[in-house]
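What follows is one structure encoded as structure tokens, with my remarks underneath.
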Amino acid sequence: MNAFGLIQIGLMLSSATIISSLQCHHLPLQQRKVIENSLRLLDKIGKEFPQKCLREKMSFRFPMQVLQPRQKETVGVAIEEIFQHIFYIFSKNLTLAAWDGTALDQLQNGLYLQIEQLEACVIKKHTQHRWSKEASRLKLKKYFQKIDCFLKDKKHDLCSWEISRAEMRKCLQLIDKATRKLKN
């Protein structure tokens, strides 16, 4: 991570008190903006999907049920968990990906900020939804472990990163769709 990225993280950490005081009812709008920006950055990070990687495509099977529960709070917990996993995936061994480092830092910083905002809101509301939260967390953990194992099995090569980047794009699009449904 370059010095600029470290400065951005420092600024975000120093604004933690401001973040925790944000009103949670504005979170869906903020999420849509973060997702839109994250999708743009995912496109900017890499180039067009390499043709040579098409034969390696893999289906990780996103657990759709985690974004479709009856309570909005449970969806919020799932979204927070997804952002944490995406942040973790993009914090790993990226040396063979040859991606735009500045765009990657911006993506990580945006995800980190959104995780902080979600944590501030979800902590207030999730204690009564403990069972749903844990079930969602386990399903998401299993899904992201498949991606992590895929990256490790392929020794973090270019194709495995491009396939993972496409999968993260899909995750963000699913979150956006779920967030829009919650608003209605």
Side-chain angles (χ1 to χ4, degrees), residues 1-2 4-6 8-9 12 30-68 75-119 133-180:
M1 184 177 297
N2 61 27
F4 180 70
L6 292 174
Q8 286 180 323
I9 290 174
M12 283 190 286
Q30 292 169 1
Q31 282 175 347
R32 284 197 301 275
K33 289 179 181 179
V34 167
I35 290 168
E36 182 180 298
N37 189 47
S38 295
L39 289 169
R40 183 183 55 76
L41 288 168
L42 275 175
D43 289 341
K44 188 177 177 182
I45 285 170
K47 296 180 172 68
E48 197 170 304
F49 191 86
Q51 293 292 321
K52 68 178 184 176
C53 299
L54 287 174
R55 69 181 189 280
E56 293 186 40
K57 280 263 188 171
M58 180 162 176
S59 175
F60 297 103
R61 292 189 214 135
F62 183 85
M64 293 296 294
Q65 64 273 27
V66 301
L67 293 175
Q68 299 171 342
V75 173
V77 170
I79 291 170
E80 175 194 349
E81 188 78 14
I82 293 166
F83 281 147
Q84 287 176 350
H85 283 289
I86 293 173
F87 181 85
Y88 173 75
I89 290 287
F90 285 125
S91 299
K92 297 189 122 309
N93 182 0
L94 296 164
T95 55
L96 297 176
W99 286 339
D100 179 327
T102 302
L104 181 61
D105 286 345
Q106 290 172 350
L107 174 68
Q108 289 171 324
N109 291 336
L111 289 170
Y112 182 81
L113 182 61
Q114 190 63 18
I115 291 166
E116 290 291 308
Q117 290 173 343
L118 280 164
E119 283 178 352
K133 175 187 158 198
E134 290 307 314
S136 292
R137 189 167 271 174
L138 289 173
K139 289 173 186 169
L140 287 168
K141 183 177 181 180
K142 184 177 178 181
Y143 167 74
F144 282 99
Q145 278 179 336
K146 286 180 193 174
I147 296 168
D148 195 37
C149 287
F150 173 73
L151 284 164
K152 286 176 185 173
D153 289 347
K154 297 290 183 173
K155 296 180 176 58
H156 296 89
D157 70 358
L158 173 66
C159 286
S160 67
W161 275 117
E162 288 298 333
I163 291 167
S164 298
R165 181 171 68 114
E167 191 69 18
M168 297 308 105
R169 173 175 253 294
K170 177 181 153 186
C171 289
L172 291 170
Q173 290 169 334
L174 291 170
I175 291 171
D176 186 49
K177 187 176 179 180
T179 303
R180 289 177 192 274

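Keep in mind the model is a prediction, meaning the values are calculated, not measured.
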Next item on the list: Apply side-chain contact (heavy atoms from CB on, under 4.5 Å) to Y143 and R61, showing your working.
Entry: CA-CA 7 Å; Y143 167 74; R61 292 189 214 135; 5.7 Å; no
Show the nearest heavy-atom pair for residues [X] and [Y], with the distance to one decimal.
X	Y	answer
S38	L172	CB-CD1, 3.7 Å
P63	L140	CG-CD2, 3.9 Å
L41	A103	CD2-O, 3.9 Å
K44	D100	O-CB, 3.8 Å
L118	G76	CD2-O, 4.1 Å
K52	R55	O-NH1, 2.9 Å

Give, for atom [atom1] of [X] and atom [atom2] of [Y], the distance between the pair rounded to the nearest 0.5 Å.
X	Y	atom1	atom2	result
C159	Q51	SG	CD	11.0 Å
F60	I163	CZ	CD1	6.5 Å
F144	Y88	CZ	OH	12.0 Å
I86	L111	CD1	CG	6.0 Å
K142	L138	NZ	CG	10.0 Å
I115	E81	CD1	CD	9.5 Å

Would you say [X] and [Y] make side-chain contact, with heavy atoms under 4.5 Å?
X	Y	result
L67	I82	yes
I35	F83	yes
E80	Q84	yes

Margin query: Side chains of D157 and S160: any donor to acceptor distance under 3.5 Å?
Written below: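 On atom types as modelled, these side chains qualify, holding a pair under 3.5 Å.
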Next item on the list: Starting from the C-alpha separation in whole Å, work towards a yes-or-no answer on side-chain contact (heavy atoms from CB on, under 4.5 Å) for R40 and E36.
Entry: CA-CA 6 Å; R40 183 183 55 76; E36 182 180 298; over 6 Å; no
Checklist line | salt bridge (charged side-chain N to carboxylate O under 4.0 Å, His left out): pairs with one or both residues in residues 165-174, sequence neighbours excluded | finding: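 The answer is D43-R169, E162-R165, E167-K170.
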Check: Checking side-chain contact (heavy atoms from CB on, under 4.5 Å) for the pair Q106/N37: CA distance, chi angles, key distance, verdict?
Finding: CA-CA 9 Å; Q106 290 172 350; N37 189 47; 5.9 Å; no
Margin query: Assess the residue pair I89 and W161 against the criterion (side-chain contact (heavy atoms from CB on, under 4.5 Å)); give the C-alpha distance rounded to whole Å, side-chain angles, the decisive distance to 0.1 Å, and a yes or no.
Written below: CA-CA 10 Å; I89 290 287; W161 275 117; 3.9 Å; yes
Next item on the list: Return yes when atom CD of E56 has more than 12 non-hydrogen atoms of other residues, nucleotides or ligands closer than 6.0 Å, and no otherwise.
Entry: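 More than 12 heavy atoms, drawn from other residues, nucleotides or ligands, come within 6.0 Å of this atom.
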